[in-house]
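The structure appears right after this line, and notes come after that.
Index from 1, following the sequence. The model shown is predicted, which means the values in this text are computed figures rather than measured ones.
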Amino acid sequence: QTYVNPNNPDSYDPNRQEGSGVTQTVAPTVVPTIPVNPGNTYVKLTLLLHGIGKGGDSANPNSAGNTNPNHKDRNAKVEIYNSQNQLILTKDGSVSFNSAEGNFLGAIDLGTGFTTGSYIVKVKTNQFLRTIVPGIQTITVGQANILPATTMVNGDANNDNVLNIL
């Protein structure tokens with residue numbers, strides 16, 4: 001009889017078939033959950049940040065970046081403008097890195113006092129320039145409104161919405 005040490009799956013056992021006793025554990029990808037308050041209006045963001053995940057950069061939009069960022073959660077500010085380009089609402093929230101997709105996801109709660117309509121939406125996160133979400137967005141009251149993926153340019157070192165050269 002051959003003794004196999006349970007604490008060492010690589011110990012010798014002539015009857016063991018190759019690969020048995022060795023288990024590879026793969027950590028599951030964590031997709032951020034988005035809390036929802038019934039009756040509130042939300043905008044769901046998908047942000048591609050230059051140099052992070054699948055955010056690419058200006059010269060090569062399809063290039064890969066850092067797939068394990070130190071800051072997986074980031075503050076995001078959403079600005080909602082009416083058809084006359086007047087700012088009507090600013091809300092803060094957060095986005096979290098989705099390692100499976102290489103982007104940042106989040107939902108910003110616009111509250112209950114919002115009116116259904118067509119809007120221009122701009123988004124800002126630290127160290128990235130404020131960016132207009134592509135297209136005119138129809139936002140419906142009481143729903144989680146999914147906005148198109150938005151690519152953001154980095155280089156705003158002091159968060160004044162100006163590209164800084166260091």
Side-chain angles (χ1 to χ4, degrees), residues 26-165:
V26 177
T29 298
V30 176
V31 176
T33 57
I34 299 170
V36 175
N37 294 322
N40 285 19
T41 303
Y42 290 83
V43 289
K44 290 178 126 183
L45 301 174
T46 300
L47 303 180
L48 296 160
L49 305 184
H50 275 188
I52 302 175
K54 295 183 181 173
D57 60 33
S58 294
N60 187 359
N62 297 319
S63 65
N66 179 2
T67 57
N68 189 22
N70 288 334
H71 305 286
K72 293 181 184 351
D73 297 311
R74 295 173 181 257
N75 294 327
K77 178 181 287 192
V78 170
E79 297 173 345
I80 310 287
Y81 293 80
N82 65 16
S83 60
Q84 288 77 40
N85 203 29
Q86 296 169 324
L87 179 64
I88 60 162
L89 184 67
T90 300
K91 288 291 187 170
D92 293 315
S94 64
V95 292
S96 298
F97 187 64
N98 176 353
S99 58
E101 297 295 323
N103 57 24
F104 284 81
L105 302 174
I108 308 295
D109 186 347
L110 303 181
T112 57
F114 199 80
T115 304
T116 295
S118 298
Y119 297 96
I120 298 167
V121 179
K122 298 179 183 180
V123 65
K124 170 85 173 92
T125 188
N126 289 343
Q127 300 177 339
F128 290 80
L129 297 174
R130 182 175 48 239
T131 303
I132 297 174
V133 174
I136 304 296
Q137 304 305 315
T138 299
I139 299 177
T140 305
V141 170
Q143 293 187 9
N145 299 272
I146 300 171
L147 302 182
T150 305
T151 300
M152 301 186 71
V153 176
N154 63 356
D156 184 5
N158 61 358
N159 290 314
D160 62 356
N161 203 44
V162 174
L163 194 60
N164 303 114
I165 298 174

Which side-chain N or O atoms in residues 129-137 pair as donor and acceptor under 3.5 Å with protein atoms at least two apart or in another chain?
from	atom 1	to	atom 2	distance (Å)
Thr131	OG1	Leu129	O	3.0
Gln137	NE2	Pro134	O	2.6
Gln137	NE2	Gly135	O	3.2

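- Of all heavy-atom pairs spanning Ile108 and Ala76, the tightest one is CD1-O, 4.2 Å.
- In this structure, Ala64 has no side-chain contact (heavy atoms from CB on, under 4.5 Å) partners at least two apart in sequence or on a different chain.
- Listed by first and then second residue, the side chain to side chain donor-acceptor pair (under 3.5 Å) pairs that reach into residues 69-80 are Asn68-Lys72, Asp73-Ser96, Glu79-Tyr81, sequence neighbours excluded.
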For residues 83-90, tabulate all N or O donor-acceptor pairs below 3.5 Å that involve a side-chain atom, not counting sequence neighbours.
from	atom 1	to	atom 2	distance (Å)
Gln86	OE1	Asn82	ND2	3.0

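- In this structure the side chain of Thr46 never reaches within 4.5 angstrom of the side chain of Leu147, judged on heavy atoms.
- How far OG1 of Thr138 is from CD of Gln143: 11.0 Å, rounded to the nearest 0.5 Å.
- Closest non-hydrogen pair, Leu48 versus Ala149, comes out as CD1-CB, 4.3 Å.
- When side chains are defined from C-beta on, Phe114 counts as touching Ile139, because their heavy atoms get closer than 4.5 Å.
- Checked by atom type and distance alone, the side chain of Asn154 never pairs as donor or acceptor with a backbone atom of Phe128 at under 3.5 Å.
- Identified under the side chain to side chain donor-acceptor pair (under 3.5 Å) test for residues 110-126, with sequence neighbours left out: Lys124-Asp156, Lys124-Asn159.
- Evaluation of the side-chain contact (heavy atoms from CB on, under 4.5 Å) rule for Ile146 yields Lys44 as partners, not counting sequence neighbours.
- Separating the CE atom in Met152 from the CG atom in Leu45 is a distance of 9.0 Å, to the nearest 0.5 Å.
- When all heavy atoms of Tyr42 and Ala107 are compared, the pair lying nearest together is CD2-CB, 4.1 Å.
- In this structure, the side chain of Thr41 engages the main chain of Gly142 through a donor-acceptor pair within 3.5 Å.
- Looking only at side-chain heavy atoms (C-beta outward), Ser99 and Thr67 stay at 4.5 Å or farther from each other.
- Put simply, the side chain of Val95 does not reach to within 4.5 Å of the side chain of Leu105, judged on heavy atoms.
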